Q: 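Can you keep this structure in mind? I'll have questions shortly.
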Amino acid sequence: MLRFAPSPTGDMHIGNLRVALFNYIVSKQKNEDLIVRIEDTDKERNIEGKDQEILDILALFGIEYSQVIYQSQNVRFHTAMALQLVQEKKAFACFCSPQWLEKKRAQAKENKIAYRYDDACAELPAELVIDNTNPFTIRIKKPQEPIVVKDHIKGEISFAPDDIDSFIIMRQDKTPTYNFACAVDDMLSDVSIVIRGEDHMSNTPKQDHIRNALGYEKKVEYAHLPIILNNEGKKMSKRDDASSVKWLLEEGFLPSAISNYLILIGNKPPCEVFTLEESIEWFELTKISKSPVRFDIDMLRHINNEHLKNLDSKELSRYVGFADDEIGQLAKIYLEEASTTKELKAKIKPIFEEKNIPDEFQEQALLMASTIKSAPYFEEYNDFKNYLMKESGLKGKNFFKPLRILLTGAEHGPDIAEIYKHLKNYIGEIVK
RNA sequence: GGCCCCAUCGUCUAGCGGUUAGGAUCCAUGGUUUUCAUCCAUGUUACCGGAGUUCGAGUCUCCGUGGGGUCACCA
């Protein structure tokens, strides 16, 4: 079993999508189910409808999963297991107040030493606990021995007990913390391998420790993906437009191209342009680079352009807002100067709109327009051109510029002979 | 600051002790084109530094340096 575990607290991030993609690929390779677990234990930060948005994006990208579970539905298990740990004295009630802990943290920071919980409540006598009416959290006792994490990408990494710390597993309001819920749920779902972002690296020994304490013997495998950096070399955040899958989609990047790019970076694929399904054939987690990768929109554009070229013309036509094959074929030609569907639309749409004629060609354009309007239908561009030249008497730049502007609404563009093939049936519509 | 990870062109990477250090992208130039672009050709640009091991180090070891991640009763 594999799992993708997003929290419904914001827009789907490309790093997240990448994690989903890798989980999907590996689940296919291992022939194991992939489940989606919505991590909604923080009621304050949950955003209504984000869960569905995430699911919609997964569908759009062709990421299939066997079921969706909501972490909040598992709290009774979390509670029961926390209780078990307390009874076994592997966890304890901690009465330290948030304010007190915050003060300790500030002190540690001031003294430039790492903050660690001092285990003040770890060995409280039972009567002190029973009589205490103050609110408390539950903390798990830190491990005795270092915990070694085996990661398919990072290799073996050891964490000292002090760095794992006696951390909180249940809050004062009796809800589980992330690490606890996550560790328990992965166990309950019988997850075999966890593929997630590198930012979870330091959570791993904690979650491992929880399962050990619970007596779970199966070793969960891990793979931590290097994070994606922005142009400044920092982790991509909400501030970076390109970090949002929604934004990328709106900019006119194809889902297939986005996944292609996300699988390509920090990887050594046998080829550069491929589909998600193709990548299942050769994908290997161990080939993923250990170092973070920079997001390069130029590369994405290049990949997107290639995917656009591979689309059949009918489909391409729909992406540009039309329905017929002919416009799709026209769009194909424009692919030589556009890399996203948004750019493509910006090229195609003006063709059917009223044209803005620059002052210097005003006169010629007027003459050209009336010549075109009275011209018969020509199958071949050459005949069309010769007729117009003869009738208008225009030539050279004075002929081609107005013609191009009248036909396409742009001063530059693809070879007119090429686009005429797809425009000839619409001439009446185009030149009004 | 503690812990963890990382280090080849601007970017993504090939390399696995002996190479003119290769490819893609980006950029520049030339050719093709009525135009922009495409396409083709060409070109600029990289082994973070220092010690060691070795006949020989981008490749192995150590130490620096640099970059990133993470240190919540968030996930």
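Proteins come first, then strands; the chains are lettered A, B, ... in the order of their sequence lines, and each starts at number 1. Note that this is a predicted model, so its numbers are computed, not measured.
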Q: Side chains of A/Asn230 and A/Asp240: is there a donor and an acceptor less than 3.5 Å apart?
A: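 Yes, A/Asp240 and A/Asn230 have a side-chain donor paired with an acceptor closer than 3.5 Å.
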Q: Roughly how many Å is it from CZ in A/Arg301 to C1' in B/U25, rounded to a whole number?
A: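 From A/Arg301 CZ to B/U25 C1': 12 Å.
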Q: According to the Watson-Crick and G-U wobble definitions, with both distances under 3.5 Å, which nucleotide is paired to B/U34?
A: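 Check on B/U34: unpaired, no WC or wobble geometry under 3.5 Å.
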Q: Check every atom of B/C5, B/C36, B/C73 against the side chain of A/Glu198 and return the nucleotide holding the closest atom.
A: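 The answer is B/C5.
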Q: Which nucleotide, if any, forms a Watson-Crick or G-U wobble pair with B/G10, using both distances under 3.5 Å?
A: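 By the stated definition (distances under 3.5 Å), B/U25 pairs with B/G10.
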Q: Students often get this wrong, so: under 4.0 angstrom with heavy atoms, is A/Cys96 touching a base, only sugar-phosphate, or nothing?
A: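 Since a base atom lies under 4.0 Å of A/Cys96, the category is base.
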Q: So, is A/Lys234 near the phosphate of B/G68, with a side-chain N or O under 4.0 Å from OP1 or OP2?
A: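 So the side chain of A/Lys234 is within the cut-off, an N or O lying under 4.0 Å from OP1 or OP2 of B/G68.
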Q: For A/Arg105, answer base if it contacts any base atom (sugar-phosphate contacts may also be present), sugar-phosphate if it contacts only those atoms, and nothing otherwise; contact means non-hydrogen atoms under 4.0 Å.
A: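 Here A/Arg105 touches the backbone only, sparing every base.
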Q: Please state whether the phosphate of B/U13, meaning OP1 or OP2, lies under 4.0 angstrom from any side-chain nitrogen or oxygen of A/Ser289.
A: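 Yes.
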Q: Using a heavy-atom cut-off of 4.0 Å across all strands, would you classify A/Lys401 as base, sugar-phosphate, or nothing?
A: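 The residue A/Lys401 makes no contact with any strand.
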Q: Report the base-pairing partner of B/C16 (Watson-Crick or G-U wobble, both distances below 3.5 angstrom), or none.
A: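 No nucleotide pairs with B/C16.
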Q: Base, sugar-phosphate alone, or nothing: which one does A/Gln172 contact when heavy atoms must sit under 4.0 Å apart?
A: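 Result for A/Gln172 = base.
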Q: When all nucleic acid strands are considered with a 4.0 Å heavy-atom cut-off, which category describes A/His224: base, sugar-phosphate, or nothing?
A: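 Contact class for A/His224: none.
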Q: What's the CZ-C1' distance between A/Phe167 and B/G2, to the nearest Å?
A: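 A/Phe167 atom CZ is separated from B/G2 atom C1' by 18 Å.
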Q: Looking only at side-chain atoms of A/Arg45, point me to the closest of B/U34, B/A75, B/C4.
A: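 Out of B/U34, B/A75, B/C4, the nucleotide with an atom closest to A/Arg45's side chain is B/A75.
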Q: Heavy atoms only: give me the nearest A/Ile210-A/Asn179 pair and the separation to one decimal.
A: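 In terms of heavy atoms, the two residues are closest at CD1-O, 3.6 Å.
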Q: Which part of the nucleic acid, if any, lies within contact of A/Gly413, taking any heavy atom under 4.0 Å across all strands shown: a base, the sugar-phosphate backbone alone, or nothing?
A: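 The answer is base, as A/Gly413 lies within the cut-off (heavy atoms under 4.0 Å) of a base atom.
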Q: May I ask you to say what A/Ser202 touches in the nucleic acid, namely base, sugar-phosphate or nothing, with a heavy-atom cut-off under 4.0 Å?
A: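 Sugar-phosphate only.
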Q: Check the phosphate of B/U25 against A/His302, side-chain N and O only, distance under 4.0 Å to OP1 or OP2. Yes or no?
A: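 Yes.
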Q: Give one of base, sugar-phosphate or nothing for A/Asp162, where a contact means two heavy atoms less than 4.0 Å apart.
A: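 Contact class for A/Asp162: none.
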Q: Given B/U13, is OP1 or OP2 found less than 4.0 Å from the side-chain N or O atoms of A/Arg294?
A: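 No.
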Q: Contact class for A/Pro414 (heavy atom, under 4.0 Å): base, sugar-phosphate, or nothing?
A: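 A/Pro414: base contact, heavy atoms under 4.0 Å.
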Q: Given the C1' atoms of B/U11 and B/C27, what is the spacing between them in whole Å?
A: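 Result for the C1' pair: 12 Å, nearest Å.
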Q: Give the C-alpha distance, both sets of side-chain angles, the deciding distance and a yes or no for ring-ring contact (aromatic ring centres under 6.0 Å, His included) between A/Tyr117 and A/Phe167.
A: CA-CA 8 Å; A/Tyr117 177 63; A/Phe167 60 96; over 10 Å; no
Q: So, are A/Glu198 and A/Lys290 salt-bridged, with charged N and O less than 4.0 Å apart?
A: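 Answer for the salt bridge query: no.
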Q: Let me know the distance between NZ of A/Lys290 and C1' of B/C5, rounded to the nearest Å.
A: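 Distance, rounded to whole Å: 9 Å.
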Q: Could you state the atom-to-atom distance from CD of A/Glu44 to P of B/C73 in whole Å?
A: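 From A/Glu44 CD to B/C73 P: 15 Å.
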Q: Between B/A75 and B/G17, how many Å separate the two P atoms, rounded to a whole number?
A: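 Between the two P atoms, the distance is 47 Å.
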Q: For B/G1, give its Watson-Crick or G-U wobble partner with both distances under 3.5 Å, or none.
A: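 For B/G1, the partner nucleotide comes out as B/C71, under the 3.5 Å rule.
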Q: Which nucleotide, B/A75, B/U70, B/U34, lies nearest any side-chain atom of A/Ile416?
A: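 My answer, after comparing the listed nucleotides, is B/U34.
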Q: Tell me what A/Lys397 touches on the nucleic acid: a base, only sugar-phosphate, or nothing, going by heavy atoms under 4.0 Å.
A: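 It contacts nothing in the nucleic acid.
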Q: Write down the distance between NZ (A/Lys206) and P (B/A75), rounded to a whole number of angstrom.
A: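 About 13 Å, once rounded to whole Å.
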Q: Would you please confirm or rule out a distance under 4.0 Å between OP1 or OP2 of B/A75 and any side-chain N or O of A/Thr41?
A: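 True: A/Thr41 side-chain N/O within range (under 4.0 Å) of B/A75 OP1/OP2.
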Q: Taking CZ from A/Arg404 and P from B/C36, how many angstroms apart are they, rounded to a whole number?
A: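 Rounded to whole Å, this separation is 10 Å.
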Q: Hey, are A/Asp162 and A/Arg116 close enough for a salt bridge, meaning a charged N less than 4.0 Å from a carboxylate O?
A: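 Salt bridge: no.
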Q: Say you pick atom C1' in B/C9 and the same atom in B/C48; how far apart are they, in whole Å?
A: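 About 14 Å, rounded to a whole number of Å.
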Q: Could you tell me which nucleotide pairs with B/U53 by Watson-Crick or G-U wobble geometry, both distances under 3.5 Å, or answer none if nothing does?
A: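 B/U53 is unpaired by these criteria.
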Q: Salt-bridged, A/Arg301 to A/Glu343, with N to O below 4.0 Å?
A: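 Counted as a salt bridge, because a side-chain N and a carboxylate O are separated by less than 4.0 Å.
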Q: Look at the aromatic rings of A/His224 and A/Tyr222 and report parallel, tilted or perpendicular, splitting at 30° and 60°.
A: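 Geometry flag for A/Tyr222 against A/His224: parallel rings.
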Q: For B/G69, does OP1 or OP2 lie under 4.0 Å from any side-chain N or O of A/Lys154?
A: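 Checking A/Lys154 against B/G69: no side-chain N or O falls below 4.0 Å of OP1 or OP2.
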Q: With a 4.0 Å cutoff (strictly under), does any side-chain N or O of A/Lys268 reach OP1 or OP2 of B/A14?
A: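 For A/Lys268, the contact criterion (side-chain N or O under 4.0 Å from OP1 or OP2 of B/A14) is met.
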Q: Could you tell me whether A/Asn179 contacts a base, only the sugar-phosphate backbone, or nothing, with contacts defined as non-hydrogen atoms closer than 4.0 Å?
A: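 Touches nothing.
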Q: What integer distance in Å separates A/Glu337:CD from B/U33:C1'?
A: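 About 13 Å, once rounded to whole Å.
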Q: Starting at CG of A/Leu229 and ending at C1' of B/G69, how long is that distance when rounded to a whole Å?
A: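 Distance, rounded to whole Å: 9 Å.
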Q: By the definition ring pair (Phe, Tyr, Trp, His ring centres under 6.0 Å), identify the one residue from A/Phe295, A/Phe274, A/Phe253 that meets it with A/Tyr261.
A: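 Result: among A/Phe295, A/Phe274, A/Phe253, A/Phe295 is the only option passing the ring pair (Phe, Tyr, Trp, His ring centres under 6.0 Å) with A/Tyr261.
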